Amino acid sequence: MASLMTDQGPPDGIVLTEAQKKSRRQRSIAIALALGVLVVLFFAVTLVKGPAVLVRPM
Amino acid sequence: MTAVDHNAIELPPRISEAEVSDYIALLKPRVMSLVIFTALVGLAIAPGHFHPVLAFTSLLCIAVGAGASGALNMALEGDIDALMSRTANRPIPRGRITRSEALAFGLTLSFFSVMTLGILVNWYAGALLAFTIFFYVVIYTMVLKRWTAQNIVIGGASGALPPVVAWVAATGSISVEPLLLFLIIFFWTPPHFWALALFRSDDYARAGVPMLPVVAGPDATRLQILLYTIVLVAVAVAPWPLGYFDAVYGIASLVLGAGMMVCAVEVYRRRERTESLRATRKMFAFSILYLFALFSTLLIEVVVRAVTPLVW
């Protein structure tokens with residue numbers, strides 16, 4: 001199966017350049033870090049507020 | 001004919017090569033740093049205890065909200081940014097990021113900053129942050145900027161709100177002190193930006209932005225800078241005799257205000273091109289120092305009071 005695929009020549013669709021792959025990876029890491037910070041922030045505030053986390057003004 | 005048209009619109013999909021630094025540039029980091037600083041002062045002078053984690057969360061949300069406003073501003077001003085030398089290197093004019101990508105980025109950050117501030121701190125602060133973003137993006141960028149020479153006067157309100165948002169985050173209510181900070185930044189904005197507009201007036205004229213020097217001329221702008229500086233200095237000193245801030249702040253605001261007045265008078269007097277350019281650049285630079293030093297005084301006072309409670 002693998003040999004069949006390689007015999008068919010270059011794959012269809014878009015092939016990313018090295019620069020595009022590199023920048024996409026950078027952006028993915030930045031998004032992951034931002035989401036990580038958000039999770040840590042919610043966790044930390046939950047610890048700080050304790051049961052009062054469910055009591056919000058307004 | 002149909003086949004030709006069909007082929008013409010079938011462009012290859014654009015693959016972004018934008019790096020993280022391009023997205024950081026969209027946030028206007030220098031503006032963000034001033035917003036963080038003024039918000040920090042708003043937090044610091046707020047009464048009562050505010051947990052450091054909640055204080056950090058508030059500052060982070062205000063900073064991200066300010067960055068989101070910057071990204072949305074750049075998304076909406078890509079056309080005029082490309083025409084001005086000061087802004088031609090921004091990610092959108094350089095083709096690093098498309099307007100729709102910047103729009104999506106700005107809207108996402110706006111949503112998360114407002115919701116996080118509302119959920120984790122309080123909804124009054126969240127709502128005020130949402131209003132600040134709305135005011136900057138819709139009222140200033142979309143309406144005022146290309147319409148009236150009073151754009152930065154009215155639009156300056158959005159830049160003046162961060163310490164108020166911070167105070168509301170800390171206390172859940174509003175009071176006179178954050179409004180005084182608001183007024184100081186509000187009256188600081190026109191002389192600061194008109195000084196910039198004076199030495200960048202060719203840029204603004206080319207882009208068709210009706211800044212005061214373009215619409216009313218440099219002489220009228222110099223007079224307005226002087227008048228607004230007089231009001232600014234008076235507003236900045238007023239909290240001292242009114243009893244809201246103490247003598248250390250009062251003396252600092254008088255000294256710094258004298259510096260602002262000297263710069264404004266120089267801008268008003270110097271009409272010859274080279275001298276005028278030097279005076280406006282000096283005014284622009286000093287105005288940043290003025291605001292930073294004035295707010296630093298309040299911050300230092302809070303820190304000194306905290307570490308030496310018996311003396312005070």
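As the structure is a computational prediction, the values presented were derived from the model and not from experiment. A, B, ... follow the sequence lines: proteins, then strands. Residue 1 opens every chain.
In this structure, the portions of A:L41 lying under 4.5 Å from any heavy atom of chain B include both its backbone and its side chain. Residue A:L47: no heavy atom, backbone or side chain, is found under 4.5 Å from chain B. Only the side chain of A:L16 comes within contact range of chain B, judged by heavy atoms closer than 4.5 Å. Of the atoms belonging to A:T17, it is side-chain heavy atoms, and not backbone ones, that fall under 4.5 Å from chain B.
Put simply, the side chain of B:T116 never gets that close to the backbone of B:S113: no donor and acceptor are under 3.5 Å apart. Proximity of a side-chain donor or acceptor of B:R99 to a complementary backbone N or O of B:A75 within less than 3.5 Å is detected. Not a single donor-acceptor pair under 3.5 Å links the side chain of B:R90 to the backbone N or O of B:L26. The backbone N or O of B:V138 lies less than 3.5 Å from no partner atom in the side chain of B:T141, so there is not a single donor-acceptor pair. Not a single donor-acceptor pair under 3.5 Å links the side chain of B:D81 to the backbone N or O of B:A88.
Residues of residues 51-70 of chain B that come within less than 4.5 angstrom of chain A, heavy atom to heavy atom, are B:H51, B:V53, B:L54, B:F56, B:T57, B:L60 in numerical order.
No side-chain heavy atom of B:W167 sits less than 4.5 Å from a side-chain heavy atom of B:L179.
With respect to B:E301 and B:R305, a salt bridge is recorded, a charged nitrogen being found less than 4.0 Å from a carboxylate O.
With 3.5 Å as the limit, one finds a donor-acceptor pair spanning the side chains of B:N73 and B:K28.
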